[in-house]
Q: 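Pasting a structure here, questions to come.
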Number of protein chains: 2
Amino acid sequence: MSQKVTIATVAEYAQVSRQTVSNVINTPEIVRPETRERVRAAIATLGYRANQAARQMRTGRSRLLAVRIEPAGDGINGSVADRFLHGLTDAAGAAGYRVMLYTAVDDNDEIATYDDLLGAYDLDAFVLTGTGHGDPRTSWLAGRDVPFVTFGRPWDTPDLHPWVDVDGADGVAQATRRLIATGHRRIGFIGWPAGSAVGDDRRSGWESTLTEVGLDPRGLARETHDGIAEGEATARELLDLDDPPTALVCVSDSLALGALRAYPDPAGSLAVIGFDDTPVAAAMGLTSVSQPLREAAAGCVDLMVGVLDRAPVPPAPLLLRPSLVLRQTA
Amino acid sequence: MSQKVTIATVAEYAQVSRQTVSNVINTPEIVRPETRERVRAAIATLGYRANQAARQMRTGRSRLLAVRIEPAGDGINGSVADRFLHGLTDAAGAAGYRVMLYTAVDDNDEIATYDDLLGAYDLDAFVLTGTGHGDPRTSWLAGRDVPFVTFGRPWDTPDLHPWVDVDGADGVAQATRRLIATGHRRIGFIGWPAGSAVGDDRRSGWESTLTEVGLDPRGLARETHDGIAEGEATARELLDLDDPPTALVCVSDSLALGALRAYPDPAGSLAVIGFDDTPVAAAMGLTSVSQPLREAAAGCVDLMVGVLDRAPVPPAPLLLRPSLVLRQTA
DNA sequence: TTGTAGGCGTTATCAA
DNA sequence: TTGATAACGCCTACAA
């Protein structure tokens with residue numbers, strides 16, 4: 001590696017003072033165009049890059065944001081996190097920020113990590129994913145004025161902080177309408193146990209859509225934990241009804257894949273739609289609701305930059321609309 | 001947030017000089033035990049955390065390592081990257097390092113990013129994944145003495161840098177032996193086009209195992225690009241042979257899932273084994289070769305710490321053994 | 001418009 | 001064993 005290029009190297013090369021170089025970088029408009037160009041040429045020639053550590057010491061800003069990487073879990077829905085992360089890294093990079101990763105086993109552990117990260121690296125902001133009811137993390141961060149954005153609505157205390165989310169109810173409504181449009185009248189729903197904010201929201205999209213068009217949702221919803229086996233068992237329950245559904249909307253792809261297994265005839269007429277458009281769904285031909293994760297990540301970065309760079313006007317939240325990816329199962 | 005706690009705050013609180021506090025942190029053995037404890041108590045009480053930016057300015061080390069996050073791709077195999085990343089973040093954290101993410105569209109873009117990252121953040125090391133033949137990235141990094149570790153063998157120039165890898169040939173051999181043990185004699189292989197280092201390695205495990213036990217591999221291997229549809233078509237080809245295989249080993253889960261589709265009877269007797277133990281495999285009951293990604297990530301961190309902290313003795317590479325996860329398909 | 005001085009928090013050097 | 005001093009690279013304030 002060539003010798004370290006500092007602002008002094010550039011200054012010398014361009015025959016100006018260090019301060020002028022700094023000005024060219026930070027407030028170019030106050031430098032005479034002629035000088036500015038000379039300095040810029042020097043920067044390019046020497047391959048100068050401002051040292052973030054030194055800059056951070058002066059400005060207190062690290063241009064670093066942190067996001068938690070979660071264990072794959074059942075894995076099927078894990079790819080959501082992966083795609084979000086990639087989008088976030090891209091968008092952050094475009095805005096001049098870098099993404100730092102951390103892991104945590106639970107909320108308390110995560111809060112301890114905030115403390116660490118903040119103390120050691122002076123992180124500019126955090127991006128939280130998967131907020132739930134009464135999230136202790138948001139109150140901790142808000143309590144210390146640490147900038148953060150959540151991917152996921154603040155379900156209890158709306159608008160205390162910037163957030164981006166995908167309208168799950170709308171996604172499920174799209175799925176339901178698709179089934180109605182293709183002739184189904186008995187449309188069931190397999191959801192997560194009541195109390196999960198995301199799950200309840202998605203279910204509401206099914207219920208309201210049926211009600212709107214005059215169909216009766218009663219008796220056609222079931223709750224279960226996530227998983228293939230659970231989806232299969234629950235779908236069987238519904239199919240065993242006296243007047244069974246001919247189509248199922250599921251709150252996740254895992255449950256949807258299970259539901260597909262419940263119907264013995266592979267060419268059968270049970271329509272199934274999942275949620276998240278995971279790779280498995282694509283592989284299996286499962287119609288599914290797709291979240292615009294790239295846009296969501298970009299939105300998080302926009303909001304964050306808004307909070308960090310601009311006036312203290314809390315940026316407006318962003319609720320994105322998912323889309324339905326049609327495949328073979330509906 | 002309470003006032004910023006610096007080394008000076010601690011020094012004052014513990015009635016010592018800043019330097020003594022620094023010594024307690026970095027070279028505790030040279031500080032009198034009595035003083036040491038007093039300083040440690042002060043650190044704990046005040047919640048002091050060394051500022052990395054300042055430390056970096058002095059030492060030139062950032063305790064940061066960078067890894068590329070790749071787009072999900074076909075997604076099925078994407079979860080491999082995800083699990084590796086999680087393990088890496090965990091292991092790095094335990095060793096006092098943090099992981100920074102970056103994206104790149106190709107090798108040149110990635111090299112440009114190295115330059116950026118090195119200049120701006122003084123990264124301590126890079127972790128590269130998925131090395132191929134004649135990888136330009138490794139030569140660039142090696143050329144500037146930037147420490148790095150690869151997850152993936154240097155296929156051309158062995159041992160020029162530390163690496164961790166999983167023995168793909170062994171994994172496929174395990175799969176092949178399993179099929180032989182369960183009575184199969186005609187065992188086919190669906191691989192990637194020759195020339196991909198990883199793919200060729202895996203195929204060799206199949207070929208050598210068959211040969212060892214006196215079975216004939218000839219005519220039973222096919223090459224195709226990755227994908228469900230490709231797997232299905234290729235499997236059909238093999239099943240259409242005069243003397244078709246009764247079992248297939250596939251170089252990836254995607255191909256294996258496709259192969260499963262080729263056999264019309266769901267309860268059929270075509271045994272199939274995939275590679276990577278992706279969530280989809282788990283969901284579909286596909287027997288698959290599982291890479292010890294957590295261990296691989298930990299190994300990368302170990303090697304990196306070795307390079308950074310210790311004598312310039314190049315650490316020994318680490319070749320891990322995968323395991324076969326038995327499910328319904330074999 | 002450009003240059004000079006000082007300090008951000010830390011650690012290496014050297015003196016006490 | 002402990003403490004004073006300087007320096008890492010940058011930016012802000014102020015002076016020229």
Side-chain angles (χ1 to χ4, degrees), chain A residues 1-40 42-43 46-64 96 118-124 309, chain B residues 1-40 42-43 46-64 96 118-124 309:
Chain A
M1 187 160 21
S2 54
Q3 267 318 321
K4 208 168 297 180
V5 179
T6 76
I7 213 169
T9 324
V10 177
E12 191 180 0
Y13 188 93
Q15 305 277 23
V16 296
S17 72
R18 296 188 325 234
Q19 181 49 35
T20 300
V21 179
S22 175
N23 285 337
V24 169
I25 296 166
N26 300 296
T27 43
E29 63 277 8
I30 72 162
V31 179
R32 185 172 6 135
E34 193 181 309
T35 315
R36 195 195 305 155
E37 282 322 309
R38 189 151 38 93
V39 171
R40 283 198 170 136
I43 289 177
L46 298 169
Y48 166 76
R49 278 169 173 70
N51 179 306
Q52 278 301 326
R55 173 177 278 184
Q56 172 183 341
M57 281 239 288
R58 279 299 295 165
T59 64
R61 296 200 27 195
S62 59
R63 305 197 76 82
L64 238 37
L118 251 15
Y121 289 94
D122 266 326
L123 286 153
D124 283 349
D309 288 355
Chain B
M1 186 157 23
S2 53
Q3 269 317 323
K4 207 170 296 181
V5 179
T6 78
I7 214 168
T9 325
V10 177
E12 191 180 0
Y13 188 93
Q15 305 277 22
V16 296
S17 73
R18 295 189 324 238
Q19 183 50 34
T20 299
V21 178
S22 175
N23 285 337
V24 169
I25 296 166
N26 299 298
T27 43
E29 63 277 8
I30 73 162
V31 178
R32 185 171 10 134
E34 193 181 309
T35 316
R36 194 195 304 152
E37 282 321 308
R38 189 150 39 94
V39 171
R40 282 196 171 138
I43 289 177
L46 298 169
Y48 166 75
R49 278 169 172 69
N51 179 309
Q52 281 298 330
R55 174 176 279 182
Q56 173 184 342
M57 278 239 288
R58 274 305 293 177
T59 64
R61 295 196 30 193
S62 60
R63 303 197 75 82
L64 240 35
L118 251 16
Y121 289 94
D122 264 326
L123 286 155
D124 284 348
D309 288 355

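The sequence lines fix the lettering, A, B, ..., with proteins before strands; numbering per chain opens at 1.
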Q: One character per nucleotide, please: for nucleotides 7-14 of chain C, 5' to 3', B when the base has a protein heavy atom closer than 4.0 Å, S when only the sugar-phosphate does, - otherwise.
A: BBBBBBB-
Q: How close do B/Tyr48 and B/Val5 get, counting heavy atoms only, and between which atoms?
A: CD1-O, 3.4 Å
Q: Would you give the length of the straight line joining atom CD1 of A/Ile25 to atom CZ of A/Arg55, rounded to the nearest 0.5 angstrom?
A: 6.5 Å
Q: What's the verdict on side chain to side chain contact (heavy atoms under 4.5 Å, CB included) for A/Asp122 and B/Asn51, showing C-alpha distance, side-chain angles and the deciding distance?
A: CA-CA 8 Å; A/Asp122 266 326; B/Asn51 179 309; 3.5 Å; yes
Q: Without decimals, in angstroms, what is the distance between A/Arg63 CZ and D/dC11 C1'?
A: 14 Å
Q: Please, which pairs that meet salt bridge (Lys or Arg N to Asp or Glu O under 4.0 Å) have at least one residue in residues 10-29 of chain B, sequence neighbours excluded?
A: none
Q: Work out which heavy atom in B/Tyr121 is nearest to a heavy atom in A/Arg63; give both atom names and the distance.
A: OH-O, 3.2 Å
Q: Starting from P on C/dT2, measure out to CD1 on A/Ile30 and report it in whole angstrom.
A: 9 Å
Q: Using every non-hydrogen atom in the two residues, find where A/Arg61 and A/Asp124 come nearest and quote the distance to one decimal.
A: CA-OD1, 3.5 Å
Q: A/Glu29 CD to C/dT2 P: how many Å, rounded?
A: 13 Å
Q: Would you please confirm or rule out a distance under 4.0 Å between OP1 or OP2 of D/dG3 and any side-chain N or O of B/Thr20?
A: yes
Q: Rounded to the Å, how far apart are A/Arg61 CZ and D/dT12 C1'?
A: 16 Å
Q: Looking at B/Ala53 and A/Met57, what are the two nearest heavy atoms and their distance?
A: CB-CG, 4.2 Å
Q: State, to 0.1 Å, how close A/Ser62 and A/Gln52 come at their nearest heavy-atom pair, and which atoms those are.
A: O-OE1, 3.8 Å
Q: If an axis is fit to five pairs at each end of the helix from C/dT1-D/dA16 to C/dA16-D/dT1, what is the angle between the two, to the nearest 10°?
A: 40°
